[in-house]
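As the structure is a prediction and not an experimental result, all values here were calculated from the model.
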Amino acid sequence: QVQLVESGGGLVQPGGSLRLSCVAAGFTLGNRAVGWFRQAPGKEREGVSCISSGDGRTTYADSVKDRFTISRDNAKGTVYLQMNTLKPEDTAKYYCAARPAWSSDCRGIPRQYEYSVWGQGTQVTVSS
């Protein structure tokens, strides 16, 4: 079964950090761009960050630039999202998603329709 599994979410105080992980099962991430998305209650899902395969180029939404860092370990089939200086407005369910096989580039901030495999999400809550 082809799937992605996210982990690492939780409750953190403002200014804190979390690292999310996204692991592929049943397929290889090595030749695909991978993105992170988030969805807050009552809001649409939005693209947060993307990392290309091969050259590892990255893109970030303005709202997370300089605070979040996306990375990947193809040998482990895992993509990470390091989130620092977290704010209450970062509270959301975070999803990782992979583009179709051999779609290796991010093409800017990730857009949902470009991604074909999704995880179930992990909740991040930033609150004091």
**Student:** Check whether any side-chain heavy atom of L4 sits under 4.5 Å from a side-chain heavy atom of Y95, and report yes or no.
**Tutor:**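 The answer is no, as the side chains (C-beta and beyond) never meet within the 4.5 Å cut-off.
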
**Student:** Treating Ile, Leu, Val, Met, Phe, Trp and Tyr as nodes and any side-chain heavy-atom pair under 4.5 angstrom as an edge, say whether I51 and F27 lie in one connected cluster.
**Tutor:** yes

**Student:** Search all heavy atoms of N84 against all heavy atoms of S17 and return the closest pair with its distance.
**Tutor:** OD1-OG, 2.9 Å

**Student:** Within the structure provided, determine whether E89 and S63 are in side-chain contact (heavy-atom separation under 4.5 Å).
**Tutor:** no

**Student:** At their closest point, which heavy atom of W36 faces which heavy atom of C22, and how far apart are they?
**Tutor:** CZ2-CB, 3.6 Å

**Student:** Just wondering, are more than 12 heavy atoms of other shown residues or ligands nearer than 6.0 Å to CG in D66?
**Tutor:** no

**Student:** Just how far is it from atom CD1 of I109 to atom NZ of K65, taken to the nearest 0.5 Å?
**Tutor:**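 Interatomic distance, I109 CD1 to K65 NZ, rounded to 0.5 Å: 6.5 Å.
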
**Student:** Got a salt bridge between D105 and R107, using NZ or NE/NH1/NH2 to carboxylate O under 4.0 Å?
**Tutor:**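 Looking at D105 and R107, the cut-off is not met.
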
**Student:** Under a single-linkage definition using a 4.5 Å side-chain heavy-atom cutoff for Ile, Leu, Val, Met, Phe, Trp and Tyr, are V124 and Y80 assigned to the same hydrophobic cluster?
**Tutor:**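 Each belongs to a different hydrophobic cluster.
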
**Student:** Between L29 and R72, what is the shortest heavy-atom contact and its length?
**Tutor:**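 Smallest heavy-atom distance, with atoms named: O-NH2, 2.6 Å.
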
**Student:** Would the number of heavy atoms belonging to other residues, nucleotides or ligands and lying under 6.0 Å from CD of Q120 be above 12?
**Tutor:** no

**Student:** Quick check: closest heavy atoms across G30 and S53, and the distance to 0.1 Å?
**Tutor:** O-CB, 3.2 Å

**Student:** What distance do L18 atom CG and T122 atom OG1 have between them, rounded to the nearest 0.5 Å?
**Tutor:** 8.5 Å

**Student:** Drop me the distance from S104's OG to R32's CZ, to the nearest 0.5 angstrom.
**Tutor:**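 The CZ atom of R32 is 11.5 Å from OG of S104, to the nearest 0.5 Å.
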
**Student:** Tell me, do D90 and R38 make a side-chain contact under 4.5 Å, heavy atoms counted?
**Tutor:**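 Yes. Closest side-chain heavy atoms under 4.5 Å.
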
**Student:** Would you mind reporting whether L20 and M83 have side-chain heavy atoms less than 4.5 Å apart?
**Tutor:**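 SC-SC contact between M83 and L20 confirmed.
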
**Student:** What's the spacing between Y94 OH and Q39 CD if we round to 0.5 Å?
**Tutor:**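 It comes to 12.0 Å.
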
**Student:** Is V64 reachable from V12 through a run of I, L, V, M, F, W or Y residues, each pair having side-chain heavy atoms under 4.5 Å apart?
**Tutor:** yes

**Student:** Please report the closest heavy-atom contact between C106 and R57, naming both atoms and the distance.
**Tutor:** SG-O, 4.1 Å

**Student:** Report yes if the side chains of C96 and V79 come closer than 4.5 Å at any heavy-atom pair, otherwise no.
**Tutor:** no

**Student:** Between T69 and Y60, is there a side-chain heavy-atom distance shorter than 4.5 Å?
**Tutor:** yes

**Student:** Is the cationic atom of R45 (NZ for Lys, CZ for Arg) positioned less than 6.0 Å from the six-membered ring centroid of F37 and within 45 degrees of its normal?
**Tutor:**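 No.
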
**Student:** Let me see the working for R99 and C50 under side-chain contact (heavy atoms from CB on, under 4.5 Å), right down to the final yes or no.
**Tutor:** CA-CA 10 Å; R99 294 199 66 200; C50 178; 5.7 Å; no

**Student:** For the side chain of R67 and the backbone of T85, is there at least one donor-acceptor N/O pair under 3.5 Å apart?
**Tutor:**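 Yes; at least one donor-acceptor contact below 3.5 Å.
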
**Student:** Indicate, with yes or no, if V2 and V34 share a hydrophobic cluster defined by side-chain heavy-atom contacts under 4.5 Å among Ile, Leu, Val, Met, Phe, Trp and Tyr.
**Tutor:**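 In one cluster with V34: V2, yes.
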
**Student:** I want to check something: taking the side chain as every heavy atom from C-beta on, are L11 and Q123 in contact at a cut-off of under 4.5 Å?
**Tutor:**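 No, their side chains stay 4.5 Å or more apart.
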
**Student:** Check S49 against I70 and note the closest heavy-atom contact, atom names and distance.
**Tutor:**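 The pair with the smallest heavy-atom distance is OG-CG2, 3.2 Å.
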
**Student:** If we only count heavy atoms from C-beta on, is the P110 to T59 side-chain gap below 4.5 Å?
**Tutor:** yes

**Student:** Whether the side chain of R19 engages the backbone of Q82 through a donor-acceptor N/O pair (distance < 3.5 Å, no angle test) should be reported.
**Tutor:**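 It does not hold such a pair.
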
